[in-house]
Amino acid sequence: MDVKIREVFESVGSFFTSDDHIPWCDRDIINGCEREVAEAAEGDSEELKRDSIMRLSWALVHSKQPEDVQRGIAMLEASLANSSSPLQQREKIYLLAVGYYRSGEYSRSRQLVDQCLEIAPDWRQALVLKKTLEDRIAKDGVIGIGITATAVGLIAGGIAAAFARKK
């Protein structure tokens, strides 16, 4: 019986927490990537510059800080037109989708994930992100319905109490 009760509480608790499988990135990693970009900018290798910017973009969109995520989105959008291969474009679109997911723009993120899946239909990372998005959208819908139902119940209760006092 205790096991069943614990399972119920864990499932309710996990419903209200963010339990996605997308990694987070901390400030130390972002700082390291920023140093790497600065060092690459001093060199002659365009490939090294491009790779270090991609690593920094990855770190930024996986950050817990909203300003970092927005900076990563801006960097990726600016560099998207310069993608020389479909693989690079797919990676940038995926990272943009992660950034928009982290910033709460789920519909934009889903559009981008769908673009990734057009390029590579069996890409596991994009499929996982799509499932995570669908779960989040469904969860937000259920929470919204619950809030609405509660508000309607409170209003109806207030009206019923007002009528009861008049009699």
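When every heavy atom of C116 is checked against every heavy atom of Y94, the shortest pair comes out as SG-N, 3.3 Å. Considering all non-hydrogen atoms of both residues, Y101 and L133 come closest at CD1-CD2, 3.5 Å. When all heavy atoms of A126 and V113 are compared, the closest pair comes out as O-CG1, 3.5 Å. Counting all heavy atoms, side chain and backbone alike, V37 lies closest to S52 at CG2-O, 3.4 Å.
There is no path of hydrophobic side-chain contacts, each under 4.5 Å, that joins V128 to V98. Hydrophobic clustering (ILVMFWY, side-chain heavy atoms < 4.5 Å, transitive): L129 and I137 are in one cluster. If you chain together hydrophobic residues whose side chains sit under 4.5 Å apart, V61 and Y100 fall into the same group. In this structure, L80 is a member of the same hydrophobic cluster as I119, with clusters built from ILVMFWY side-chain heavy atoms closer than 4.5 Å. Under the 4.5 Å side-chain heavy-atom criterion for Ile, Leu, Val, Met, Phe, Trp and Tyr, I73 and I22 are members of the same hydrophobic cluster.
A donor-acceptor pair under 3.5 Å links the side-chain atoms of S79 to the main chain of M75, judged by distance alone.
The distance from the CG atom of L76 to the CD1 atom of I53 is 10.5 Å, given to the nearest 0.5 Å. How far CG of L112 is from CG of L117: 11.0 Å, rounded to the nearest 0.5 Å. Remark: S45 OG to R50 CZ distance equals 8.0 Å, nearest 0.5 Å. Taken to the nearest 0.5 Å, the NE2 atom of H62 stands 13.0 Å off from the CG atom of D26.
Side chains of L96 and Q111 form no contact here, defined as non-hydrogen atoms less than 4.5 Å apart. Side chains of W58 and P23 form a contact here, defined as non-hydrogen atoms less than 4.5 Å apart.
Few gaps surround CD on E67; more than 12 heavy atoms of other groups in view lie less than 6.0 Å from it.
Note on D114 versus K130: salt bridge recorded, some NZ/NE/NH1/NH2 to OD/OE distance being below 4.0 Å.
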query = Can you check side-chain contact (heavy atoms from CB on, under 4.5 Å) on I93 and Q89, steps first, answer last?
reply = CA-CA 6 Å; I93 292 170; Q89 186 172 9; 3.7 Å; yes
message = Go through it in stages, so that I can follow the logic: the residues are M54 and Q88, the test is side-chain contact (heavy atoms from CB on, under 4.5 Å), and I'd like the CA-CA distance, side-chain angles, deciding distance and then a yes or no.
response = CA-CA 9 Å; M54 276 300 290; Q88 276 185 345; over 6 Å; no
query = Run the salt bridge (charged side-chain N to carboxylate O under 4.0 Å, His left out) check on R71 and E34 step by step: do they pass?
reply = CA-CA 12 Å; R71 204 170 115 213; E34 287 172 333; 2.5 Å; yes
task = Could you give me the CA-CA distance, side-chain angles and deciding distance for R27 and D68, then say whether side-chain contact (heavy atoms from CB on, under 4.5 Å) is met?
result = CA-CA 9 Å; R27 195 75 197 125; D68 289 339; 3.2 Å; yes
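By the salt bridge (charged side-chain N to carboxylate O under 4.0 Å, His left out) test, K49 pairs with E46, sequence neighbours left out. With sequence neighbours excluded, no residue forms a salt bridge (charged side-chain N to carboxylate O under 4.0 Å, His left out) with E77. A59 pairs by the side chain to side chain contact (heavy atoms under 4.5 Å, CB included) definition with C25, I29, I30, C33, not counting sequence neighbours.
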